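The structure appears below as structure tokens.
Bear in mind that the values here come from a model prediction, so they are computed numbers and not experimental data. One-based numbering along the sequence shown.
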Amino acid sequence: MLFDIKNITKADLQALIDNQIFENRELEYKNYSFAGGKLQDKQKAKLMKEIAAFANTNGGTIIIGMQEDEDHLPTKLCGAGMGIGDFDSWLSSFKELVLSRIRPHLHEVDCVPVEVGDDNIAIVVSVPKSYARPHSFWDGNKDEFFMRHVNGIMYMDIDDLRKEFLYTNGLQDKIRDFRRDRISLILANECVGNLGNLAKLVLHIVPEWSFELGNTVELKRFAENRTVRPLSGSGWDHRYNADGYCIFASESSTGLIKTYLQFFRSGIIEATEIRCISGYHDKVVYDWGKLQQGFMPIIAEYGELLDELNIPKPWHISATLLNAKGYVTDTGWGTSLPIERDIVNSLEGICSEEIPLQTAVEQVFQSISNAFGFVKN
């Protein structure tokens, strides 16, 4: 990225001209004029195709209000033919277009106005690389798929489409494999420390972003965040480990881990809770409904952390009960039915721009409630 889009200035745009920055795979210039803040029909289709193409490739930036020459070099910062007062109306129409013309829905397309003259703005459009690709441009009758090349867009051929659909299918396999491998390590006590053999709850928040080659998080940013915590307790220890960074609490007498939060270099979050699952009575879980209520604000903090680290959605949410056979939960008026198996896997919840984290987690916990014999939480 050539500049910080949130703080971009006219000088930043002029520097593209002064430094003769060519259009490229991640940068496009558009000399569009939106009189009165209105998008013209011809501009609508071209702009949506460009956005879909960027999302299907590496993401990128579109500078609207920049003239270019035949060699794709910027020549003049002319603006988009409208003032800052028209921007909100333009943005509303633009967002409606993105929502209706790009399928599946593309999120986190950001638009920033930059004043370049009297009552004249340029518009910088930032398009993220999508993890729900391929996206099509839908003209109302058919879907067309585009990708970005050196300084323009091209149709995706059958091989390009096959590759992207295989990527999507392969991503689901990677997420399932990750969870299965982690559960195996937890059962073998080979991940954080000695977790014992009592029942435990393992929560995973797995961003699709985490499986894209090269995507990592600076662990120092997580380690410095003193508000993030495991699902229960206080007075935690913390350390770097082979997987990333871990916050945990253990029994002083036995050294057994009671609760921990593992943050992976890839941005994945794993929270394992033993204290609240096995520390109440023998094979009796404390009131499951109240536990969920207590966990939800803490899980919301995990979502806030991922947002602060700019890890895009969707995030896949799941929970697993381990060593759970024969356990019941106290309901305040008695106990539930006993769980019938040692390993209980929840349904998967998806947190996206349309589906809040809380809704996704509620779906996950609902399936755990079913394992105790409850119709709902």
Side-chain angles (χ1 to χ4, degrees), residues 1-102 106-130 135 137 139 146-154 310:
M1 185 67 186
L2 295 172
F3 30 64
D4 176 5
I5 189 171
K6 297 296 185 183
N7 299 298
I8 191 169
T9 65
K10 178 182 177 182
D12 294 320
L13 299 182
Q14 182 62 44
L16 297 172
I17 301 173
D18 298 340
N19 296 322
Q20 293 289 274
I21 303 299
F22 285 93
E23 279 186 337
N24 54 57
R25 209 171 183 216
E26 298 174 7
L27 179 64
E28 173 74 18
Y29 303 124
K30 289 295 182 190
N31 184 20
Y32 287 167
S33 181
F34 306 114
K38 297 186 180 300
L39 286 82
Q40 305 302 313
D41 288 342
K42 185 180 290 187
Q43 296 170 340
K44 291 177 182 178
K46 288 185 177 179
L47 191 54
M48 293 304 108
K49 289 177 182 179
E50 292 281 1
I51 289 171
F54 274 123
N56 286 337
T57 315
N58 290 325
T61 304
I62 304 171
I63 311 294
I64 299 176
M66 180 76 83
Q67 288 183 4
E68 61 178 313
D69 62 21
E70 59 185 13
D71 295 320
H72 302 285
L73 282 167
T75 58
K76 182 180 179 182
L77 185 58
C78 52
M82 67 180 192
I84 192 68
D86 294 318
F87 179 70
D88 286 345
S89 175
W90 180 92
L91 183 61
S92 178
S93 298
F94 172 85
K95 287 183 175 179
E96 183 179 339
L97 267 180
V98 172
L99 187 64
S100 62
R101 293 303 185 194
I102 296 179
L106 177 63
H107 306 287
E108 299 183 3
V109 178
D110 202 2
C111 299
V112 176
V114 180
E115 295 193 74
V116 297
D118 294 336
D119 204 28
N120 192 17
I121 61 171
I123 302 171
V124 181
V125 181
S126 176
V127 183
K129 180 177 182 178
S130 176
H135 294 271
F137 165 72
D139 66 4
F146 299 91
M147 61 189 302
R148 187 79 183 168
H149 65 92
V150 177
N151 51 23
I153 66 174
M154 59 187 294
N310 298 315

Give the C-alpha distance, both sets of side-chain angles, the deciding distance and a yes or no for side chain to side chain contact (heavy atoms under 4.5 Å, CB included) between K49 and I153.
CA-CA 8 Å; K49 289 177 182 179; I153 66 174; 3.8 Å; yes

Sidechain-backbone polar pair: [X] side chain, [Y] backbone, donor-acceptor under 3.5 Å:
X	Y	answer
S100	E96	yes
R148	N24	yes
N120	V116	no
N56	H135	yes
N19	I21	no

Find the distance between [atom1] ([X]) and [atom2] ([Y]) and round it off to the nearest 0.5 Å.
X	Y	atom1	atom2	result
F34	S89	CZ	OG	12.0 Å
F137	M48	CZ	CE	8.5 Å
Y32	I64	OH	CD1	8.0 Å
K42	L47	NZ	CG	14.5 Å
T57	M147	OG1	CE	5.0 Å
K38	S93	NZ	OG	7.0 Å

Before giving the answer on side chain to side chain contact (heavy atoms under 4.5 Å, CB included), spell out for T61 and V125 the whole-Å C-alpha distance, their side-chain angles and the decisive distance to 0.1 Å.
CA-CA 6 Å; T61 304; V125 181; over 6 Å; no

Tell me every residue that passes side chain to side chain contact (heavy atoms under 4.5 Å, CB included) with K44, counting only those two or more places apart in sequence or in another chain.
L39, D41, L97

Using side-chain heavy atoms (C-beta onward) and a distance below 4.5 Å, is [X] in contact with [Y]?
X	Y	value
L77	K10	yes
V109	S126	no
I51	F94	yes

Identify, with sequence neighbours excluded, every residue that meets side chain to side chain donor-acceptor pair (under 3.5 Å) alongside [X].
X	answer
E23	H72
Q14	D18
N7	D4
T9	D12

Closest contact, heavy atoms only, S33 versus G81:
OG-CA, 3.7 Å

Return the minimal non-hydrogen interatomic distance between C111 and I123, and the atom names on each side.
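Heavy-atom minimum between the residues: CB-CG2, 4.3 Å.
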
Please assess V124 against I62 for the test side chain to side chain contact (heavy atoms under 4.5 Å, CB included), listing each intermediate value before the final yes or no.
CA-CA 6 Å; V124 181; I62 304 171; over 6 Å; no

Taking atom CD of Q67 as the centre, does the number of heavy atoms from other residues, nucleotides or ligands within less than 6.0 Å exceed 12?
yes

Charged N-O contact under 4.0 Å between K76 and E68
no

Please, which pairs that meet salt bridge (charged side-chain N to carboxylate O under 4.0 Å, His left out) have at least one residue in residues 108-129, sequence neighbours excluded?
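Residue pairs with at least one partner in residues 108-129: K6-D110, K129-E212.
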
Side chain to side chain contact (heavy atoms under 4.5 Å, CB included) between M66 and N31, intermediate numbers included
CA-CA 5 Å; M66 180 76 83; N31 184 20; over 6 Å; no

